[in-house]
Every structure is written in structure tokens, then in C-alpha cells.
Amino acid sequence: MKSQKFTIAELVAPVVGLPTVEIAGLVEYPPNPDLGDLALPCFRFAKQLRKAPTEIAKEVAAVLTESGNFKDVAVAGGYVNVYVAQGAVAKEVVGALRTEPQNLFAEKRLIGDSAAIDYSSPNIAKPFGVGHLRSTMIGHAIANLLREDGSRVIGINHLGDWGTQFGKNIAAYRMWGDEETVRKNPTRELLELYVRFHAEAEKHPALDDEARAWFKRLEDGDEEARSLWQWFIDESLKAFQATYDRLGVHHEQVLGESFYNDKMDAVVEELKEKGLLTESEGAEVVDLSAYDLPPCIIRKSDGATIYATRDLAAALYRHDVLGGNRLIYVVGAEQTLHFQQVFKVLELMGREWAKDCRHVAFGMMKYNGERLSTRRGKVVYLEDVLEKAVAEARRIIDEKNPELPNKDDVAEAIGIGAVVFNDLKNYRMHDVDFRYEDVLNFDGETGPYVQYTHARACSVLRKAGVKDNFDSSSASDVVLQPSEWRLIVEMNKANEMFERAIDQLDPSLIARLVLDVCHAFNRFYHDVPILGADTESEKEFRLELTDASRRFIAYCLNLLGLRAPEAM
RNA sequence: GUCUCAGUAGCUCAGUAGGAUAGAGCAACAGCCUUCUAAGCUGUGGGUCGGGGGUUCGAAUCCCUCCUGAGACGCCA
């Protein structure tokens, strides 16, 4: 509806003496369809114009009526209610979707932008839990959105492949590990060894010294330590890759923490040169008290670097070498303070692009109300969740559509879609308590609902024997049914919602939008006959609308990282 | 203790660049398949928008304060 909003704003601007953009922002959707398609509240202008809102509304209405751009304009108190020319708008929306669906969404505002976006970033030798789904899928969706708007996206998987825990992994593996078992199920087995190590170390503190020694050997390049470490990485990556393939997730760069081992000295040097480093309690820190932030530790009292140092080195690399002119981090909200500190230090280092860095935070995933903890072995494996969801999808297919070809493939798309959509549809800052009953429910506001709606539209088009070309002349002279218009209105919000989703880096807006469109489509499908329309031109138009809806839904699903089967 | 984030129907959440009677889904109940996929559609019941102040023509939305929950707060990431 953006173009209609601007049409109104342009006409109203001279009347109220405010910039067009500002007025366009005030145009809203009335709460009730009887009140028109768009509305402009005029209370805001009253003080400046020294006139009653109702008077202003009347003047505004007169101008809008005179323009002849709208079907009807009405004044209701201080509101001006506008009824748009439905046929023309319908033709515009359907036409855009028929040629290039993305035209309705993206105006390619971000051409010339390049965004380095850090998402997923699991830890090596640990399993991929449901918790990782958040960073992975929110990040993947944001990457898709930015790319569609013209940005050059560099997706980065910042693997946790370094740190003292690898001393424990190595020590544990040497004591109790078995090559075959690890190979068969790398992340689960390595986690088990890790958990066992923690349990045993409680009783025998000497084990911790053993682990420290092994990490030291790893740092010093000891061959045995090195090759075990590399093997853990290779096996873990194989397991992760299988999951990424199922989820359809891809990264341009896979660079673990260890990649920056030789790049941190330069950061420390620069900080020292710029006089940012001060000594405090034996450690070297950047004092940020002037900015109401706690100090950022750069070197621990034992001389070793820490994750802040690593993240600084990584940020410089992403900007200077990979060419990301802004950096985005899709990382849990518990790291908010850390990123505030890192961004501030970058700014103090004179990197003016620090202001464009964003931490896309999200709430914590819990299970039965409890915090998940890998160290204590409290994990819900993502693969288990996907397996259950796919099995449930398969069960429902067997029940409802036993004749369906390639059932397994469809079940895979639906089951995974249910899990992914469930994670994307809500405001990302909320903590989520993972419950199987939610994920395995395929009714209502769910991924399968959206996919089902898509399949339904496809089915109608199949029955109609539709080829890809329509004679679009019909739209403007057809009188629209309420449910048809409702559907057009919802789809016409694409551009606004898309841009808001990008500006706020929030894919849930796209999920909400496509849910609204699906609801409108299902109502349309229920209320008016498509193939059995009274006249040929009505039938033609409804098929066009069905085709447009199908493309719209598929486009949104793909943005969110879901597949859109044509039958289910 | 300090800071940050959250608090909307029984449950999960939309709505938060201030606007008209606060909306969905789930669960419950009642309808709708001789017609295009019922994983759907329609209806009913269900609300001190955490409490209290304030700003405004108008507040779930902005400000202050209190309550509750989560997270963070120097050598893990």
C-alpha cells in the first residue's frame, strides 16, 4: 500500500504544510474495513493550523476527492477515510507478482552495501542443540532479506574451535575414547566424553591439570594434540554439514576462532599504540568508564588473550579483508554487554564503521523451563527434534493424503518447516520454552499451515490446467468480492513489511505477513468458487489471484528458509 | 546491589515511529466437506494490556516509580 500512501501524502502535503514523507508515515490502516482502506488522522495538524481537526479533515477530503484517484473519500470526526480503486490496485499487485514476485517486496535499496553476518557459530565437539536453531535460522533469514534488497551478504560461521575445553576433550578422548564410536556419532560421543570428564574432575582435580597441559601442548603445536584437535573439527563439521543441508543453510565463510590466533597481537599492538590499554588487577584492559561500561579485558593476568581480543581481530578481518562495510552478529542476548564493549573499543580505535555494527540479540531457549547446559549434558539435540517433526509430518500425510507421490521428501519439508517457522514467528527477544507439543502441532499459525495454503493454491492451478501466461486485462473491470479484496490488501503490504523487517533485522515480520496472507487466501478459497466462477472473466481473475498468492507465499517461505512443496 | 531485556485472554503470542470498539493461534464449545486439498473456514465464551502516578485532544504504546521473571555485571564464549 506504500504507493497509495504516498499518493495521499503528496496531495495532502500542500494543505497541511508538512513534508510528504512525514504524512505518508501517518497514513494508517483503519481498524475496520467499513472505514475504508486507508485513513489519515488529522488531530496532529490542528495546533499548527489553528483549526479544528474536523475542519482540516474536510479540507483534506475535498482535495483527495478532487484528485479523482480514489473511489471514495469520507470524513469521520477527525479522520479522513479513503476507499481506493480496488480493481486498479488489484491489477497492480497481481501484475507485479506475475512477473517478478520480488518486485512487490524489494526496491533494492541496499545496492552497494555489503554485510558480514555472523550466525549459527556452533562449538566444535559439542552437539547441535535446539538452542542453535535460533542463531542459525534468524541469521539465515536476515541474510536472505538483505540479499534480496541488494546487499552483498557474507555469511560467516564463527566456529567455536579453540579454548581450554579442547584440553579436556583431548585428555578425555585419550583416557576413554574410541575412534570408531566417535566416527559414528562425533558430536554426541565427544560430548559424552566431555561430560564424563567434568564428572570425574569433580573427584580428581588432577584431571584439570592434565587438561591444561594438553591445551598448552595444542597451543605449542604438539603433533598429537594438533591432529586430535583437527580430527574433532573435521568430524564435527561433517555432522554440522548434514544438519545445514537439511535446513538449507549456507555460509560464505567458515572461519573458526582459531583462525584469529595469529591476528590478535596486532590488535593488542594497535591498542597499545593508541594509548587505550591500561593495567588493572594484573590484566590489560581498555577502560570504558567514560561510557558507563565496565572495562574490556584484552589480556588476562596470565598474559593470554580473551574472547574480546579475538572478536576485535575478527571484526577487523571481516571489514578489512572480507569487505563487509557493516558487521552483524546474530548471537544470544546474554552477550549484549560484550558486544557493546567490543563496538565501543572499535570506535575508540578510530573505526568509524563501528557505528554500523549490530548485535541481533535473541532470547534464551529453555527446556521444561530449565536452562540448557552442555557442560552438564543437558541438551535437546536438533536432529532428534527434526526427526520427530518429520515423522509426525509423515504420519499426517499417510492419514490425509496416502496417494501423494514422494511422501518422504514432502514430510521432510513439512517437518522441518514446522520446527523452523515455530522459531521465526515470534519476537526474537522473548525467551522460548521449547515444548514438543508446540512444535509437533501443525494447526493454526504454523509452518505447515503456510505450506498447506501454498499447496492448496497449486492444486487449484493444476486442476485448471493453468500455463504461466494470463491475460491480465480482466482485473480492472471485475468487481471484487470482499474476501478477494482482503487478500489483495494483505499482499499489498509486502513492501512495507519487507523494509521494516530489514530495518529492524527482524524476520518475524515476514512470518506474520505470510500468515495474514494465508488466512486471507483460505478465506477467499472458502468464500468464492474459483474454477466454478459464474463468468469466464471472473474465473480468469480468480485464477490470476490464486497464482499470485501461490508466488507470494512461496517467496516468503523461501525468505524464511522453508521449502514450499506443491502438494502435501 | 547496579545495568539490560521481558510482563497483553487459561496457554503461546501479535499489536509498542501515540490514534477509532485491544487482535490471532492453541485449548473448550457449536457449526461447515455430493463443489477447487477440512493441515481449512465460520461462530461463542474468555482482558484491572503487571500495579500506581504523569504527559496528551487521545496511552498497551512516551516519561517517572514500584512489583515480578530472565540475563549480564573482569580474567569462559
Side-chain angles (χ1 to χ4, degrees), chain A residues 22 25-26 28 30-32 35 39 41 43-44 46-47 52-53 76-79 81 121 123 158 160 162-165 257 280-285 292-302 304-308 310-311 331-338 340-341 361 363-364 366 371 375 393 396-397 399-401 404 414 418 422 425-427 429-433 435 437-438 441-453 455-464 500 508-509 512 515-516 518-519 521-533 542-543 546 567-568:
Chain A
E22 202 170 313
L26 296 174
E28 59 191 36
N32 172 342
L35 297 170
F43 311 94
R44 192 75 65 103
K47 199 167 280 178
Y79 292 91
N81 293 326
S121 307
N123 292 320
H158 188 67
W162 198 252
T164 48
Q165 78 269 16
E257 294 172 9
S280 162
E281 297 173 31
E284 295 187 73
V285 309
D292 275 327
L293 290 169
C296 182
I297 297 182
I298 299 298
R299 245 196 233 285
K300 302 193 280 187
S301 42
D302 66 359
T305 53
I306 190 171
Y307 64 105
R310 196 175 300 275
D311 275 348
V331 178
E334 66 276 8
Q335 291 195 41
T336 301
L337 178 58
H338 164 70
Q340 282 175 352
Q341 293 175 304
M364 198 157 267
K366 307 200 172 186
R371 194 173 172 166
R375 196 176 317 170
I396 296 176
I397 290 170
E399 178 190 311
K400 309 211 180 219
N401 198 356
L404 183 74
I414 305 302
N422 184 256
K425 74 177 174 193
N426 290 330
Y427 181 53
M429 283 303 285
H430 281 122
D431 287 348
V432 297
D433 191 1
R435 280 195 309 252
E437 51 175 307
D438 293 338
N441 175 20
F442 294 178
D443 297 329
E445 298 173 329
T446 64
Y449 169 75
V450 177
Q451 290 168 316
Y452 173 79
T453 308
R456 222 180 190 190
C458 289
S459 171
V460 175
L461 295 168
R462 262 196 308 277
K463 288 240 159 74
R500 274 183 64 188
S508 76
L509 295 172
R512 293 281 155 197
L515 281 172
D516 288 342
C518 286
H519 189 232
F521 178 84
N522 281 319
R523 194 171 188 147
F524 155 69
Y525 178 94
H526 179 269
D527 286 359
V528 301
I530 302 167
L531 299 175
R542 287 172 191 168
L543 281 172
T546 302
M568 63 187 270

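Numbered from 1 within each chain, the chains take letters A, B, ... in sequence-line order. In this text the structure is predicted, and so the values were computed from the model without any measurement.
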message = A:Tyr452 vs A:Asn522, test: side chain to side chain donor-acceptor pair (under 3.5 Å). Steps then yes/no.
response = CA-CA 10 Å; A:Tyr452 173 79; A:Asn522 281 319; over 6 Å; no

request  = Decide yes or no for A:Met568 and A:Ile396: does some side-chain heavy atom of the first lie under 4.5 Å from some side-chain heavy atom of the second?
outcome  = no

ask   = Would a 4.5 Å heavy-atom cut-off, applied to side chains only, mark A:Arg512 and A:Glu445 as touching?
value = yes

ask   = Where does B:C67 land, syn or anti, once you apply the within-90°-of-0 test for syn?
value = anti

Looking across every strand, which nucleic acid part, if any, lies under 4.0 Å from [X] by heavy atom: base, sugar-phosphate, or nothing?
X: A:Thr336; result: nothing
X: A:Glu281; result: base
X: A:Leu515; result: nothing
X: A:Asp438; result: nothing
X: A:Val331; result: nothing
X: A:Ala567; result: base
X: A:Ala455; result: base
X: A:Gln335; result: base

Using the 3.5 Å cut-off, write out each protein N or O paired with an N or O of nucleotides 34-36 of chain B and the distance between them.
{"residue": "B:C36", "atom": "O3'", "partner": "A:Lys463", "partner atom": "NZ", "Å": "3.2"}
{"residue": "B:C36", "atom": "O2", "partner": "A:Leu531", "partner atom": "N", "Å": "3.0"}
{"residue": "B:C36", "atom": "N3", "partner": "A:Ile530", "partner atom": "N", "Å": "3.1"}
{"residue": "B:C36", "atom": "N4", "partner": "A:Tyr525", "partner atom": "O", "Å": "2.5"}
{"residue": "B:C36", "atom": "N4", "partner": "A:Val528", "partner atom": "O", "Å": "2.9"}

[atom1] atoms of [N] and [M], separation to the nearest Å:
N: B:G7; M: B:G50; atom1: P; answer: 8 Å
N: B:A27; M: B:C41; atom1: P; answer: 13 Å
N: B:A9; M: B:C13; atom1: C1'; answer: 11 Å
N: B:G40; M: B:U48; atom1: P; answer: 30 Å
N: B:C36; M: B:A20; atom1: P; answer: 41 Å

Of all the nucleotides listed ([options]), which has the minimum atom distance to the side chain of [X]?
X: A:Lys366; options: B:G40, B:A70, B:A77; result: B:A70
X: A:Pro294; options: B:U42, B:C73, B:U37; result: B:C73
X: A:Ser280; options: B:G74, B:C11, B:A38; result: B:G74

Provide a list of protein-nucleic acid N or O atom pairs under 3.5 angstrom, restricted to nucleotides 60-63 of chain B.
none

Please identify each residue that fulfils salt bridge (charged side-chain N to carboxylate O under 4.0 Å, His left out) with [X], with sequence neighbours left out.
X: A:Arg435; result: A:Glu437, A:Asp438
X: A:Glu284; result: A:Arg299
X: A:Glu281; result: none

Whole-Å distance separating the [atom1] atom of [X] from the [atom2] atom of [N]:
X: A:Asp431; N: B:G71; atom1: CG; atom2: P; value: 8 Å
X: A:Ile298; N: B:G74; atom1: CD1; atom2: P; value: 15 Å
X: A:Asp311; N: B:C76; atom1: CG; atom2: C1'; value: 13 Å
X: A:Phe442; N: B:U12; atom1: CZ; atom2: P; value: 21 Å
X: A:His158; N: B:A77; atom1: NE2; atom2: P; value: 10 Å
X: A:Leu337; N: B:C5; atom1: CG; atom2: P; value: 12 Å
X: A:Gln340; N: B:U2; atom1: CD; atom2: P; value: 18 Å

message = For A:Val432 and A:Arg523, find the nucleotide of RNA chain B closest to each by heavy atoms; which residue's nucleotide sits nearer the 5' end?
response = A:Val432

note = Readout for nucleotides 14-30 of chain B: B = base within 4.0 Å of protein heavy atom, S = sugar-phosphate only, - = neither; 5' to 3' it is S-SBSBBB--BSS----

task = Map every base of RNA chain B to its dot-bracket character, where paired means a Watson-Crick or G-U wobble contact with both distances under 3.5 Å and | marks a partner outside the strand.
result = (((((((..((((.....[...)))).(((((.......))))).....(((((..]....))))))))))))....

Test ring-ring contact (aromatic ring centres under 6.0 Å, His included) applied to [X] - qualifying residues, sequence neighbours left out:
X: A:His430; answer: A:Tyr427
X: A:Phe442; answer: none
X: A:Phe521; answer: A:Phe524
X: A:Tyr307; answer: A:His338

inquiry  = Restricting to side chain to side chain contact (heavy atoms under 4.5 Å, CB included), what partner residues turn up for A:Gln341, sequence neighbours left out?
reply    = A:Leu288, A:Pro294, A:Cys296, A:Leu337

task = Indicate whether OP1 or OP2 belonging to B:G71 is found under 4.0 Å from a side-chain N or O atom of A:Arg371.
result = yes

